[in-house]
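Everything below concerns the one structure shown next.
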Amino acid sequence: MSISFETIEQTLSLWMRQACAAVFPGADLAALPLNVVATTDASFGDYQCNAAMSVAKLLKMKPRDVAQAIVDRAGCPVGVERIEIAGPGFLNFHLSADWLARRLEAVQTDARLGVPAAGQGKTVILDYSSPNVAKPMHIGHIRSTVIGNALDRLHRFLGWRVLADNHLGDWGTQFGLLMLGFRTFADPTAYEASPIEELERVYVASYNRSKEDENWKNAARAELVKLQQGDAENRELWRSFIEHSLREFERIYQRLNVKFDLVRGESFYNDKLPGVIVMLQENGLAEESDGALIIKLEAEKLTPCIVRKSDGGYNYATTDIATVLNRAEEFKPDAVIYVTDERQQLHFKQFFTVCRKLGVTTRLEHIWFGLMRLPEGTFSTREGNVIKLDRLLDEAESRALALVQQSSPDMPPAQQREVARCVGLGAVKYADLSQNPQSLVTFTWDKALALDGNSAPYLQYAYARIASVQDKYRERFPVGDPLAQPIQLADPLERALAVKLLRFPDIVLRAAANFRPNQLADYLFDLAQTYSTFYQNVPFLKAEAGVRESRVRLCDITAKTLRCGLNLLGIETPDRI
RNA sequence: GCUCCCGUAGCUCAACUGGACAGAGCAUGGGAUUUCUAAUCCCAAGGUCGCAGGUUCGAGUCCUGCCGGGAGCGCCA
């Protein structure tokens, strides 16, 4: 069953706006921030509002007088026991325990846990992961993939129609070097055994030679031109590179539980590029410069955007413009979101600006994240110092397995491996999702594979403990039915847990709106900590009947929230750990 | 030279986009288990939020300058 809820912040904020309008008729409050938000500290109540300060400024009154007027004349919204005025004019809302309990009861039987379907009827295209063909996926790809996938899951859960598109790098100058290298250096046996590894080796060899051999460089360029002109043999080779790469990528995506709705590489748009140029010219945007076709963006204080090279070839920008035009026409999305690393910020600014000039009104967002680097500096395929994604995941699973074997020696080995898989993968994903995407990341094994503290295993452990409590309850009280008993919030630890649980919908909305999965991760960790304190200090199975059922219900809602939240981050929750 | 990010406890990171005495984890020291999974919990210690000004009732958050780190800046993607 699914009930349509307004979130608590939405309800209280709306009430506040109406209250201010009623108490101060005639004042133009439309532009003022009157939002009610969760408090940072329980001593300030459950929710707080700073409206009095902004209203006071507008009306040239004292903030405390404004706050007092609101409290005196507007009363309290439903569910709020009292509103206190604190400090310079903060309004602190204290929710009634009874209202919290009734609300939790409704959430418990709601399939969406009270999260509104805010994206209903809207479409978003998510462009993420997008690895380059013929190169192995390495730890640098994990951020785009994991963050993009979390945004995918968040939006889908909120009711958006999501089209996840893997915009593969399957076209471009690297193919000249790759083809020439392949014909010269490739070892058929190695290629058969491990195509991507061999392609990578071949590419690096070819690239290195091009740096010192001008003829080699020219020959590579000739191969590229042949490919672009549709030469059958090069075309076939190119196709086989893509095929092998996709098979390899697919294996890793399955491992990460990542699914795409569309896999349209850059080459998909090849035949649309001349049309884009014509369009740019017709709009008077493009001009010749040193043989290339460029779009000047001086008014926007951006460097020019090159849309056709002097040799007649097209650029990244041209493909991206064609892609947006195509997406807008075919899918009519409300938004197109790109998840890439920080180095592409300028490119996206230029390209979005050009799209606007072409009359594209679709919301375009570039969600960039800090480049992953090694303690000794950046890494690249060419340098050969990459850490493959497979190796990272293998290492994660084997570290987790050691831990599982140690703490659950009686578990059957097959189950130990399955738990280790969930825990190891969860740890890797969580390491990326729990911090601000834009922060700079230096890769270290211990950080990426942390299994304690603020980590996925901590959350998974909390979840597994609840599953165990529920089993024990059924064992000892086979005729008991928690849902038949009301939730009671007498103990402060129960109340604290209840308040935290009911924040979930607002957190999910915010994490999606800000494109910041770490805000959800933060919340889940906080929730798990609150639960662990509750678990440690409040008995449930030994509590008297009634209280016992109420607490088991709190456990159940916590489990559902953890599972739902972790699932939104792409992290699994085994029942045993 | 110009543009964009970042600088918070010994270490790794938060801080709901301008709100209350800046919070966690790790590491350190102390404590809790005959009882629901100790991969846990409780307590302690740890800070001039890079520096200097400014705006504001209020600044880690906004503005200016400087210092330090990263990234980008016409035919790569």
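Computed over heavy atoms, backbone and side chain alike; hydrogens, waters and symmetry mates excluded. This structure is a prediction, so every number in the text was calculated from the model and none was measured. Chain identifiers are assigned alphabetically (A, B, ...) following the order of the sequence lines, protein sequences preceding nucleic acid strands; residue numbering begins at 1 within each chain.
Nearest to the side chain of A:Gln536, among B:rU40, B:rC13, B:rA39, sits B:rU40. Of the candidate nucleotides B:rA14, B:rU12, B:rA24, B:rA14 has the atom lying nearest to any side-chain atom of A:Asn518. When the nucleotides B:rC4, B:rC41, B:rG19 are ranked by their closest atom to the side chain of A:Gln345, B:rC4 comes out on top. Out of B:rA20, B:rA39, B:rU37, the shortest distance to the side chain of A:Val404 is found at B:rA39. Listed nucleotides: B:rA14, B:rA77, B:rC16. Nearest to the side chain of A:Thr40: B:rC16. The side chain of A:Ser407 lies closest to B:rA39 when the candidates are B:rC41, B:rA39, B:rA77. Distances from the side chain of A:Asn132 to the nucleotides B:rA32, B:rA71, B:rA77 place B:rA77 closest. Looking at the side chain of A:Leu403, the nearest of the listed nucleotides B:rA39, B:rA38, B:rA14 is B:rA39. The side chain of A:Leu440 sits closest to B:rG70 out of B:rG25, B:rG70, B:rG19. Nearest nucleotide to the side chain of A:Ser439, out of B:rA77, B:rC41, B:rA14: B:rA14.
No donor-acceptor distance shorter than 3.5 angstrom exists from the side chain of A:Arg221 to the backbone of A:Gly176, with no hydrogens or angles considered. A:Trp171 places no side-chain N or O within 3.5 Å of a backbone atom of A:Gly265 that could act as its donor or acceptor partner. Between the A:Asn315 side chain and the A:Ala317 main chain, no donor and acceptor come within less than 3.5 Å of each other.
Counting any heavy atom pair closer than 4.0 Å across all strands shown, A:Ala86 reaches a base atom. Using a 4.0 Å heavy-atom criterion, one finds that A:Gln174 contacts no nucleic acid atom at all. At a threshold of 4.0 angstrom between heavy atoms, the contacts of A:Asp170 with the nucleic acid are absent. Nucleic acid contact class of A:Val538 (heavy atoms, under 4.0 Å, all strands): base. A:Arg548 comes within contact range of no nucleotide atom at all, as no heavy-atom separation falls under 4.0 Å. Among the protein residues, A:Arg373 comes within range of the sugar-phosphate backbone only, with heavy atoms under 4.0 Å from sugar or phosphate atoms but none that close to a base. Among the protein residues, A:Val469 comes within range of the sugar-phosphate backbone only, with heavy atoms under 4.0 Å from sugar or phosphate atoms but none that close to a base.
Nucleotides B:rU8 and B:rC13 place their C1' atoms 9 Å apart, quoted to the nearest Å. For the P atom pair drawn from B:rG46 and B:rA22, the interatomic distance equals 14 Å after rounding to whole Å. B:rU61 and B:rG72 are spaced 25 Å apart, taking the C1' atom of each and rounding to whole Å. Atom name C1', nucleotides B:rU56 and B:rG18: the rounded distance is 9 Å, in whole Å. Remark: the separation of the C1' atoms in B:rC6 and B:rG50 is 11 Å, to the nearest Å. B:rU48 and B:rG23: their P atoms are spaced 15 Å apart (whole Å). A distance of about 48 Å separates the P atoms of B:rU3 and B:rC41, rounded to the whole Å. Taking atom C1' on both B:rG29 and B:rG68, the two are 34 Å apart, rounded to the nearest angstrom.
Residue A:Phe348 contributes atom CZ, which lies 19 Å from atom P of B:rC4 at whole-angstrom precision. The separation between A:Tyr535 atom OH and B:rU33 atom C1' is 11 Å, rounded to whole Å. Rounded to whole Å, atom P of B:rA39 lies 12 Å from atom CG of A:Asp452. If you measure from atom CZ of A:Arg516 to atom C1' of B:rC5, you get 13 Å, rounded to the nearest angstrom. Atom P of nucleotide B:rA77 and atom CZ of A:Phe175 are separated by 11 Å, given to the nearest angstrom. The OH-C1' distance, from A:Tyr461 to B:rA38, rounds to 6 Å in whole Å.
In summary, A:Asp341 and A:Arg143 do not engage in a salt bridge, as defined by a charged side-chain N under 4.0 Å from a carboxylate O. Looking at A:Lys472 and A:Glu475, no side-chain N of the basic residue comes within less than 4.0 Å of a carboxylate O on the acidic one, giving no salt bridge.
Residue A:Lys447 places at least one side-chain N or O under 4.0 Å from the OP1 or OP2 atom of B:rC13. Between A:Ser455 and B:rC26, a side-chain N or O to OP1/OP2 separation shorter than 4.0 Å is absent. Not one side-chain nitrogen or oxygen of A:Lys301 sits closer than 4.0 Å to the OP1 or OP2 atom of B:rC2.
In this entry the base of B:rU37 is anti relative to its sugar, with a glycosidic angle more than 90° from 0.
At a cut-off of 3.5 angstrom, counting only N and O atoms as typed in the model, there is a donor on one side and an acceptor on the other between the side-chain of A:Asn50 and the base of B:rG19. Applying the 3.5 Å distance criterion, the base of B:rA15 shares no donor-acceptor pair with the side chain of A:Asn436.
A stacking contact links A:Phe90 to B:rA20: the aromatic ring centre lies within less than 5.5 Å of the base's six-membered ring centre, and the planes differ by less than 30°. In this pair, A:Tyr458 does not lay its aromatic ring on the base of B:rA39; centres under 5.5 Å and planes under 30 degrees do not both hold.
Under a cut-off of 6.0 angstrom, the local environment of NZ in A:Lys272 is crowded, with over 12 non-hydrogen atoms contributed by other residues, nucleotides or ligands.
Using cut-offs of 30° and 60° for the angle between ring planes, the A:His141 and A:His138 rings count as tilted.
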